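Throughout, protein chains are lettered first and strands after them, A, B, ... in sequence-line order, and every chain is numbered starting at 1. Because the structure is predicted, anything quoted here is derived from the model rather than measured.
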Number of protein chains: 2
Amino acid sequence: MDKNKKKASLKDVASYVGVSTSLVSFVLNGKGRLHRVSEETIAKIKKAAEKLNYQPNSFAKSLREGKSRVIGVVLSDISNPFFSMIARYLEDEAEKYGYSILFASSDENRDRAEKQIAHLVSRGADGIILVPCEKSEKTVEAVLETGKPLILIDRYFPTIRTNYVCLNNREVSRLATEHLLTHGFSHPGVIAYDTTLQHMQDRVNGYKQAMTEAGKAGLISESRVKEANLHNAISGSISRMLAEGVDSLLFATNNIATEALKVIKGKGIRIPEDLGIIGFDGGNAFELFHVPVSYIRQPISLLAQKAVEIIMDEILMGEKMTHQVEVQGSLVITESSIKSC
Amino acid sequence: MDKNKKKASLKDVASYVGVSTSLVSFVLNGKGRLHRVSEETIAKIKKAAEKLNYQPNSFAKSLREGKSRVIGVVLSDISNPFFSMIARYLEDEAEKYGYSILFASSDENRDRAEKQIAHLVSRGADGIILVPCEKSEKTVEAVLETGKPLILIDRYFPTIRTNYVCLNNREVSRLATEHLLTHGFSHPGVIAYDTTLQHMQDRVNGYKQAMTEAGKAGLISESRVKEANLHNAISGSISRMLAEGVDSLLFATNNIATEALKVIKGKGIRIPEDLGIIGFDGGNAFELFHVPVSYIRQPISLLAQKAVEIIMDEILMGEKMTHQVEVQGSLVITESSIKSC
DNA sequence: TTGGATAATTAAATCGTTTTAGCTAAATTT
DNA sequence: AAATTTAGCTAAAACGATTTAATTATCCAA
């Protein structure tokens, strides 16, 4: 094994051909013509680079150029299906620009997120894509102060002027509720996380709006679920709401929906006879449930595409405007949300 | 906004305190005492670094040291739950060493994997953790030639001497089949991917071994499933095997198990009366199925922990030995694999 | 008081690029 | 023939750190 053969550097190529490193750099960066290097030399240099298997040293390049071609992504938890899908699309989109992605999971922990971001920045990330966690306004503002390109994804803070891409949470949630109301359910409820994060508030607000529009503001009986001890909390909520007369439920996240389906299965609640349901983000899991489950579909790939597009604009072209994009979710309707009368 | 205030460099700290950059470097790397810097100066330098919010430039550091503190990970597809779990544990383990992880998805495509690896190496990854795809022996060998630390995870090539961490596929698969044989099922079958990858062969071989040990070698009627058109292929396999008298099935991956459960639900096959089943890797999805599903549990966190441990040994200490680790899977048994007689 | 330790610090090379400014020789203009 | 332009190339600084060898100052022993 020749594990000791060092990688060839610009200098190696240069001395192999018998020219200066400048020429090699010009040629290999496609600026040969611009710097009027002779065709002959261009050819020789290219051949030599090939032959020596020259690979530019990315550290030297980054040091010199002040660019890393890496985007840092901090999301809630990459093992959560929703976020791992986002991760995958971000990866694909970034690749189109020749960028790589450095991932980190915050676990919805503010301090952890702060550390992760600092770490990514110190690693030289050219920009940050962030799924911000609750009460992390200061963290976000700190990144903004840096001037480092930043875009929030999935969530945003109404009080902070940043780039963000998120779902039209309120509207799609309103639509889902309206659908329940017009398909045999007179008393819908909603189960959401008990967080101040705006996207979650929006999902609840969409529900409230639909109820109000239907003249049922009086029926609003929301149950919020704390993330801790999720399964039990959801189980309790469902029992309580059923007792109160709720006849259908909107689940505000994929996780909540999945846990709720387990509870429903466990309690033997009939869908849609006893309870109409609409989940968030379909997925393999739902398909194993004994009744097809209606859900709100998020265009995850679009979410990722927009996020990368916007941050790349800022990184590459110095775009200064703030972009705030809402992508449109849609309703996928099946048996679980239609009461046959 | 003071977006123009450049980050402070070593030189800035040095001139702020009125010393040379050497001293600052010594002190901030904890080698102050070693180079007998006076306590007074140490204190001054630390305070100044704090005050100027000095963050070392990682490119300069990497360039000089020839280390990046980044591990490159190429896996099949980060949006696949199994791999996103691995990704998450890898992230956590690497963090313990102060390392970050650069992810890339190969989509089981050899050329893509090759490109991704090249990309990660050119990005300066100190080592590569790889889920190799079919027929990628040459790619793996090419990495080995480089001398860059490498470890395969989840899969391996018996013909190549590399570090790897994988499940005791054959044994756990044998156990699962044996379990079926001793719990009311006289004619088990297996559904696996039609690939030459050894881990998959091992899973099938474990099944065959159990059958042979039970004196039922004659009953071996395996169905292999091509990845393309998965759902339909599995549907066909299940029908065919049931017709052939198969009374129970071992599914060799989580994906196969999930798709199979959908088929089973669709066809109204009763579990375990008509068919006993054992899946691979439990997960949220299984819990929504109307019968609790037995499965083979992989210690994913251990898999990741070992992988990082081994590659870090090589990166940091120049460990030269090849480590080949098999972690032990276990059977999680519920109703789906026990025929009540 | 000369020489040798010892303590405290610094100068300068180095890592591998990119890029600006400058140099030489040939070609063209006046 | 002198001046200018152009073609083709190179030298050297810069990016921001680490590290080796060198330097200065101080103190102590002989």
Whole-Å distance, A/Leu28 CG to C/dG16 P, equals 16 Å
If you measure from CD1 on A/Ile311 to NE2 on A/His323, what distance do you get to the nearest 0.5 Å?
11.5 Å
Shortest side-chain distance from B/Leu23, nucleotide among D/dA12, C/dT10, D/dT18
C/dT10
OP1 or OP2 of D/dT18 versus the side-chain N and O atoms of B/Asn29: is any pair under 4.0 Å?
yes
Gap between atoms CZ and C1', on A/Arg33 and D/dG8 respectively (whole Å):
14 Å
Kindly check if the number of other-residue, nucleotide or ligand heavy atoms within 6.0 Å of NZ (A/Lys306) is above 12?
no
Does the side chain of A/Ser25 get closer than 4.0 angstrom to OP1 or OP2 of C/dT18 through an N or O atom?
yes
Does a side-chain N or O from B/Lys11 land closer than 4.0 Å to OP1 or OP2 of D/dA17, or not?
no
Taking the side chain of A/Ser9 as heavy atoms from C-beta outward, which of D/dT19, C/dT19, C/dG16 is closest to it?
C/dG16
Pair A/Arg112 + A/Asp77, salt bridge at N-O below 4.0 Å
no
Walk me through whether B/Val24 and B/Tyr54 qualify under side chain to side chain contact (heavy atoms under 4.5 Å, CB included).
CA-CA 11 Å; B/Val24 180; B/Tyr54 168 73; 5.8 Å; no
I need the single residue from A/Leu150, A/Val143, A/Thr146 that forms a side chain to side chain contact (heavy atoms under 4.5 Å, CB included) with A/Ile117. Which is it?
A/Val143
Whole angstroms only, please: what is the CZ-P distance between A/Phe26 and C/dT18?
10 Å
Using a 4.0 Å heavy-atom cut-off across all strands, classify B/Glu39 as base, sugar-phosphate, or nothing.
nothing
Looking only at side-chain N and O atoms, does B/Ser58 come under 4.0 Å of OP1 or OP2 in D/dA17?
no
Contacts under 3.5 angstrom, residues 121-131 of chain A side chains, donor-acceptor by atom type, not counting sequence neighbours:
unit_1   : atom_1 : unit_2   : atom_2 : d
A/Ser122 : OG     : A/His119 : O      : 3.1
A/Arg123 : NE     : B/Ser100 : OG     : 3.1
A/Arg123 : NH2    : B/Arg69  : O      : 2.5
A/Arg123 : NH2    : B/Gly98  : O      : 3.4
A/Arg123 : NH2    : B/Ser100 : OG     : 3.4
A/Asp126 : OD1    : A/Ser68  : N      : 2.9
A/Asp126 : OD1    : A/Ser68  : OG     : 3.1
A/Asp126 : OD2    : A/Ser68  : N      : 3.1
A/Asp126 : OD2    : A/Arg69  : N      : 2.9
A/Asp126 : OD2    : A/Tyr99  : OH     : 2.9

Can you figure out which of D/dT10, D/dG16, D/dA7 approaches the side chain of A/Val19 most closely?
D/dT10
Between P of C/dG16 and CG of A/Leu52, the distance in whole Å
14 Å
Side chain of A/Arg64 only, please: which of D/dT19, C/dT20, C/dG16 is the nearest?
C/dG16
Consider the side chain of B/Asn57, meaning its heavy atoms from C-beta on, and name the nucleotide among D/dA17, D/dT10, C/dT18 that approaches it most closely.
D/dA17
Give the dot-bracket string for DNA chain C, reading 5' to 3', where a pair is Watson-Crick or G-U wobble with both distances under 3.5 Å, ( ) marks pairs inside the strand, [ ] marks pairs crossing earlier ones, | marks a partner on another strand, and . marks unpaired.
||||||||||||||||||||||||||||||
To the nearest angstrom, the CG-P distance between A/Leu34 and C/dT18 comes to 14 Å
Below 4.0 Å: OP1/OP2 of C/dT9 and any side-chain N or O of B/Ser22
no
Within this structure, what is the NZ-to-C1' distance between A/Lys67 and D/dG16, rounded to whole angstrom?
18 Å
Just to confirm, is there a sub-4.0 Å distance from OP1 or OP2 of C/dT19 to any side-chain nitrogen or oxygen of A/Lys31?
yes
Taking for B/Thr21 and for A/Glu65 the nucleotide of DNA chain C with the nearest heavy atom, the one nearer the 5' end belongs to B/Thr21
Residue pair A/Arg36, A/Phe26: steps toward the side chain to side chain contact (heavy atoms under 4.5 Å, CB included) verdict
CA-CA 10 Å; A/Arg36 37 193 180 191; A/Phe26 290 149; over 6 Å; no
Quick one: NZ on B/Lys67 to NZ on B/Lys61, what's the gap to the nearest 0.5 Å?
13.0 Å
Proximal nucleotide (of D/dA17, C/dA8, D/dT10) relative to the B/Tyr54 side chain:
D/dA17
Would you call the rings of A/Tyr164 and A/Tyr156 parallel, tilted or perpendicular, taking 30° and 60° as the class edges?
parallel
Looking at the side chain of B/His35, which of D/dT20, D/dG16, D/dT6 is the nearest nucleotide?
D/dT20
Nucleotide D/dT19, atom P - distance to CZ of B/Arg36 in whole Å
17 Å
Protein-nucleotide distance (B/Leu10, atom CG; C/dT10, atom P), rounded to Å:
13 Å
Which part of the nucleic acid, if any, lies within reach of A/Thr41 when heavy atoms closer than 4.0 Å are counted: base, sugar-phosphate only, or nothing?
sugar-phosphate
Contact class for A/Phe59 (heavy atom, under 4.0 Å): base, sugar-phosphate, or nothing?
nothing
Taking only side-chain N and O atoms of B/Lys61, does any of them lie within less than 4.0 angstrom of OP1 or OP2 on D/dG16?
no
Would you say C/dA7 has OP1 or OP2 under 4.0 Å from some side-chain N or O of B/Ser38?
no
